[in-house]
> 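Just passing along the structure, written as structure tokens.
Because the structure is a prediction, the values reported are computed rather than measured.
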Amino acid sequence: MSSDAVCFCGSMRRQKKCHPDISRESLAAKMLTLYSRVDTLIISYYSKHKVKPVCKKGCSECCSTLFCVSIVEFFLICREMIKFDPKRTAQVKHRVLQAINYLEKEQPALLDYFKFDHSGQNFNNMSLRIYELSKSVKIECPFLTGFSARQSTCSIYNVRPLICRIFGTTYYTSFEDMYICSRIGTNNRIMDCGPSTIDIWDSFIKDILTVNYNGASYRGSVYPLIYWLYLAAQDLENPRAYLGSERRKKYFQMPYIEAKQKILLRHIL
Ligand code: SF4
Ligand code: SF4
Ligand SMILES: [Zn+2]
């Protein structure tokens with residue numbers, strides 16, 4: 001592939017100017033390509049159906065719910081945090097520790113559920129279990145900036161996780177009455193205009209999260225974003241060092257099939 005090739009992330013810029021440190025076949029590139037595909041799919045779906053999505057800039061009530069993300073999404077966020085100034089990083093860390101402190105005191109069962117190693121478990125079931133357990137829990141995402149649920153914005157918008165892109169804009173075929181937020185209400189209201197969450201989720205699980213080996217299927221760990229940040233809390237001030245050469249190699253450079261095998265089958269190979 002020529003070094004002048006257009007970047008895989010959908011920016012239409014040259015890769016060497018856009019994502020020079022991420023190889024085209026890596027897990028990180030797969031994730032960024034999926035982000036771009038999903039964003040385009042959502043825009044074209046709404047445009048074709050001539051409706052406006054209810055979600056819009058500044059609306060952020062859903063940013064106070066707990067949701068699961070994969071490790072590669074988390075590392076892409078860490079890569080973004082390299083650009084943060086120290087004050088901003090300190091704020092994020094403070095909010096993470098505050099949130100975990102709150103969970104320790106008020107929601108110990110939920111925190112215990114995070115601590116359990118969920119690798120290999122059904123991702124949909126786990127995400128829904130966390131959704132159920134945390135329905136009444138409001139923890140503002142540490143990347144949210146602004147002053148109210150209707151005026152805040154995402155400070156890592158370009159690398160926000162997949163769930164942040166599809167929540168409220170796509171619909172869950174099997175959960176028609178799932179409550180989304182006070183603006184949308186239940187899933188039923190977006191069923192006629194958004195693409196299916198499950199279709200998007202399937203390619204995420206197949207391409208990013210799962211590896212098949214000897215007839216069995218292995219699935220990577222997922223945790224709520226706040227918990228990934230907590231696990232890395234000691235290193236958040238220096239995300240460049242936290243990512244380090246080994247993580248960069250596996251997640252940002254190595255061909256994704258090989259990387260998934262190394263990551264997901266590490267206990268048996
Ligand atoms: S899901 Fe609801 S709260 Fe979130 S951005 Fe969309 S309309 Fe706003
Ligand atoms: S990453 Fe951004 S969009 Fe997602 S919950 Fe946090 S602030 Fe909201
Ligand atoms: Zn790019």
> Is any side-chain heavy atom of Ser203 closer than 4.5 Å to a side-chain heavy atom of Leu34?
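With C-beta onward as the side chain, the pair touches.
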> Any donor and acceptor pair, going by atom type alone, linking the side chain of Ser60 with main-chain N or O of Cys63 inside 3.5 Å?
no
> Over all heavy atoms of both residues, which pair between Asn158 and Arg165 is shortest? Give the atoms and the distance, please.
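Looks like O-NH2, 3.0 Å.
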> At their closest point, which heavy atom of Ser70 faces which heavy atom of Met31, and how far apart are they?
OG-SD, 4.4 Å
> Within the distance-only criterion (no hydrogens, no angle test), does the side chain of Arg79 pair as donor or acceptor with the backbone N or O of Leu76 below 3.5 angstrom?
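Checking the backbone N and O of Leu76 against the side chain of Arg79, no donor-acceptor pair under 3.5 Å is found.
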> Heavy-atom count check: over 12 atoms from other residues, nucleotides or ligands less than 6.0 Å from His94 NE2?
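Count not over threshold, so no.
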> Val38 versus Thr40: any side-chain heavy-atom pair under 4.5 Å?
no
> Are there more than 12 heavy atoms of other residues, nucleotides or ligands under 6.0 Å from atom OH of Tyr102?
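More than 12 within 6.0 Å, yes.
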> Has the side chain of Arg88 got a donor or acceptor atom that lies under 3.5 Å from a matching backbone atom of Val92?
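Checked: no pair found.
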> For the CZ atom of Phe84 and the CZ atom of Phe143, what is their distance to the nearest 0.5 Å?
5.0 Å
> State, to 0.1 Å, how close Leu209 and Leu264 come at their nearest heavy-atom pair, and which atoms those are.
O-CD1, 3.5 Å
> Look only at the side chain of Arg37 and the backbone of Ile200, and say whether a donor-acceptor pair between them is shorter than 3.5 Å.
no
> Could you check if a side-chain atom of Ile263 sits within less than 4.5 angstrom of a side-chain atom of Leu27, using non-hydrogen atoms only?
yes
> Step by step, work out the side-chain contact (heavy atoms from CB on, under 4.5 Å) result for Ser36 and Cys9.
CA-CA 6 Å; Ser36 162; Cys9 73; 5.6 Å; no
> I'd like to know whether Met81 forms a side-chain contact (heavy atoms from CB on, under 4.5 Å) with Thr89, so could you lay out the CA-CA distance, the side-chain angles of the two residues, the decisive distance to 0.1 Å, and finally the verdict.
CA-CA 7 Å; Met81 286 183 76; Thr89 306; 4.2 Å; yes
> Nearest 0.5 Å, please: how far is CZ in Arg160 from OH in Tyr157?
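Result: 4.0 Å between the selected atoms.
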> Treating Ser155 as the side-chain partner and Thr145 as the backbone partner, does any N or O pair qualify as donor plus acceptor under 3.5 Å?
no
> Between Tyr223 and Val69, is any pair of side-chain heavy atoms under 4.5 Å apart?
no
> Over all heavy atoms of both residues, which pair between Pro142 and Leu229 is shortest? Give the atoms and the distance, please.
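Shortest heavy-atom contact: CG-CD1, 3.7 Å.
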> Does Thr170 use its side chain to pair, donor to acceptor, with the backbone of Gly194 at less than 3.5 Å?
no
> Evaluate the criterion side-chain contact (heavy atoms from CB on, under 4.5 Å) for residue pair Cys62 and Phe167; output intermediate values, then yes/no.
CA-CA 8 Å; Cys62 55; Phe167 196 77; 3.7 Å; yes
> Using only atom types and a distance under 3.5 Å, with no angle test, would you say the side chain of Arg14 pairs donor to acceptor with the backbone of Cys7?
no
> Flag the pair Trp201 / Ile166 as yes when at least one side-chain heavy-atom distance between them is below 4.5 Å, and no otherwise.
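Yes, their side chains come closer than 4.5 Å.
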> Parallel, tilted or perpendicular: which one describes the rings of Phe114 and Tyr227, with boundaries at 30° and 60°?
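The rings of Phe114 and Tyr227 sit tilted, inter-plane angle from 30° to 60°.
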> Is it true that Ser182 and Glu61 share a donor-acceptor pair across their side chains at a distance under 3.5 Å?
yes
> Answer whether the closest heavy-atom distance between the side chains of Thr65 and Lys138 falls below 4.5 Å.
yes
> Side chains of residues 244-255: which donor-acceptor pairs under 3.5 Å do they make with residues two or more places apart or in other chains?
unit_1, atom_1, unit_2, atom_2, d
Arg247, NH1, Tyr242, O, 3.0
Arg248, NH1, Asp21, OD2, 3.3
Gln253, NE2, Asp21, O, 2.5

> How about Glu104: does its CD atom have over 12 heavy atoms from other parts shown lying under 6.0 Å from it?
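Count over threshold, so yes.
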> Do the side chain of Lys260 and the main chain of Asp207 share a donor and acceptor less than 3.5 angstrom apart?
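Yes; at least one donor-acceptor contact below 3.5 Å.
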> Tell me, do Ile184 and Cys181 make a side-chain contact under 4.5 Å, heavy atoms counted?
yes
> Looking only at atom types and distance, does a side-chain atom of Tyr46 sit under 3.5 Å from a main-chain N or O of Thr169, one as donor and one as acceptor?
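Checked: pair present.
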> Donor-acceptor pair, Arg240 side chain versus Ile82 backbone, under 3.5 Å?
no
> Give, for atom CD1 of Ile139 and atom CG of Leu66, the distance between the pair rounded to the nearest 0.5 Å.
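It comes to 5.0 Å.
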> Locate the shortest heavy-atom distance separating Ile22 from Gln15; write the atom from each residue and the value.
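Nearest pair, atom of Ile22 first, then Gln15: O-NE2, 2.7 Å.
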> Between Leu236 and Tyr230, is any pair of side-chain heavy atoms under 4.5 Å apart?
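No, side chains not in contact.
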